[in-house]
Amino acid sequence: YSTAWSEATVSFSFTGMPAGSVPILYLFGAASSPYEAELLIDNVTVSVAGTGASVSAKAWLDGCYDQAQNLMRDDLRALGLVPSINPYGGSEAVVPSVFATTGGNAIVDWVRLELRLSPTFGGSIAAVRHALIQRDGDIVDVNGVSPVNFSVQQGNYYLTLRHRNHLAVMSADPIALTSASTPFDFRSSATTCFVRTAPNADAPRKVVGSTRTLWS
């Protein structure tokens, strides 16, 4: 028999996966008798097709917000203390060049975004993404530029923002998300956020002048 390798390309498509589901891929191969040859599986690519849901969120973290500059400080980035892999768990990671950006688009830290189907605590979470927040408040994908895209179907979701040193905040109403990036500004006083029922009906954000910040 020949020692030359022959190559075959195979692809499969799965449709109708539920929102927020996590696929697990199993690969198995067997060589035909009588040749005890090896079967190598390589160059495996998994892609999520479809429209997805994209959001361009903005927020201020009170702990590093400078009202005079209307920017957040990027001390962690400047000191090389922003981890390259997100600190919340998950696979999102950043290449070093993203942290080289300075000015208003400099990275401040990691944040966690959740799309929820219900505003209740423990409500169904449809999707989670870990992203980066810039000095000017923009929340961007791990490339440091793009809006954050979720691999879920288009629809109405409550948007939750979390940071490891601040209290979480969530939209008061579901947001209509499509493949075209939908803006949502947690900094704006006109933006309504979820408030718990009394006696725990504290302000979901801190008032700083005409803007709003996450409670540190």
Side-chain angles (χ1 to χ4, degrees), residues 53-77 82 86 88 101-141 144-150 152 154-216:
S54 182
V55 63
S56 293
K58 301 175 184 290
W60 295 129
L61 303 177
D62 188 70
C64 56
Y65 178 61
D66 187 328
Q67 187 178 4
Q69 294 189 40
N70 198 36
L71 291 171
M72 289 181 286
R73 298 186 303 276
D74 61 336
D75 299 351
L76 293 179
R77 182 203 63 81
V82 180
N86 86 81
Y88 303 97
T101 300
T102 58
N105 290 330
I107 301 303
V108 173
D109 203 359
W110 287 91
V111 294
R112 174 184 171 98
L113 291 172
E114 299 171 353
L115 297 185
R116 291 175 173 264
L117 302 176
S118 167
T120 58
F121 289 94
S124 176
I125 298 178
V128 173
R129 283 298 314 277
H130 302 103
L132 303 168
I133 188 167
Q134 300 176 339
R135 291 188 67 199
D136 60 5
D138 291 342
I139 297 175
V140 295
D141 212 331
V145 178
S146 304
V148 181
N149 189 70
F150 295 85
V152 295
Q154 299 182 28
N156 298 323
Y157 300 94
Y158 293 86
L159 178 64
T160 300
L161 171 63
R162 298 182 181 275
H163 180 259
R164 49 187 170 159
N165 293 327
H166 291 75
L167 298 183
V169 66
M170 181 168 61
S171 63
D173 302 299
I175 308 166
L177 299 182
T178 68
S179 57
S181 185
T182 302
F184 193 84
D185 196 347
F186 285 108
R187 308 171 306 175
S188 173
S189 60
T191 298
T192 56
C193 293
F194 177 78
V195 180
R196 297 179 66 183
T197 56
N200 301 310
D202 302 299
R205 295 166 299 169
K206 181 179 179 180
V207 177
V208 180
S210 61
T211 193
R212 302 292 184 268
T213 65
L214 271 65
W215 290 102
S216 60

Would you say [X]'s side chain and [Y]'s backbone share a donor-acceptor pair under 3.5 angstrom?
| X | Y | result |
| --- | --- | --- |
| R129 | L115 | no |
| R116 | P174 | no |
| Q134 | G103 | no |
| T191 | D185 | yes |

| request: Might you work through the side-chain contact (heavy atoms from CB on, under 4.5 Å) test for K58 and D136, ending with a clear yes or no? | output: CA-CA 8 Å; K58 301 175 184 290; D136 60 5; over 6 Å; no
List the atom of [X], the atom of [Y], and the distance in Å for their closest heavy-atom pair.
| X | Y | result |
| --- | --- | --- |
| P204 | W215 | O-CD1, 3.5 Å |
| N149 | S54 | OD1-CB, 3.7 Å |
| A127 | V152 | CB-CG1, 3.5 Å |
| V195 | D202 | CG1-O, 3.9 Å |
| T211 | R187 | OG1-O, 2.9 Å |
| L177 | A53 | CB-CB, 3.8 Å |

Please round to the nearest 0.5 Å and tell me the distance separating atom [atom1] of [X] and atom [atom2] of [Y].
| X | Y | atom1 | atom2 | value |
| --- | --- | --- | --- | --- |
| D109 | R135 | CG | CZ | 14.0 Å |
| L132 | N86 | CG | CG | 9.0 Å |
| N165 | D62 | CG | CG | 12.0 Å |
| L76 | W110 | CG | CH2 | 13.5 Å |
| D173 | Y158 | CG | OH | 6.5 Å |
| L159 | C193 | CG | SG | 9.5 Å |

| query | Passes side-chain contact (heavy atoms from CB on, under 4.5 Å), R212 versus V207? Steps please. | reply | CA-CA 5 Å; R212 302 292 184 268; V207 177; 3.6 Å; yes
| query | Are Y65 and N70 side-chain neighbours, meaning at least one heavy-atom pair lies under 4.5 Å? | reply | yes
| query | Within a strict 4.5 Å, meaning less than it, do heavy atoms of the W60 and V108 side chains meet? | reply | no
| Evaluation steps, side-chain contact (heavy atoms from CB on, under 4.5 Å), between V140 and V145 | CA-CA 6 Å; V140 295; V145 178; 5.9 Å; no
| field | Geometric class of the H130/Y88 ring pair [parallel <30°, tilted 30-60°, perpendicular >60°] | value | parallel
| query | Can you check side-chain contact (heavy atoms from CB on, under 4.5 Å) on V169 and F194, steps first, answer last? | reply | CA-CA 7 Å; V169 66; F194 177 78; over 6 Å; no
| So among R162, H163, R164, which one has a side chain to side chain donor-acceptor pair (under 3.5 Å) with H166? | H163
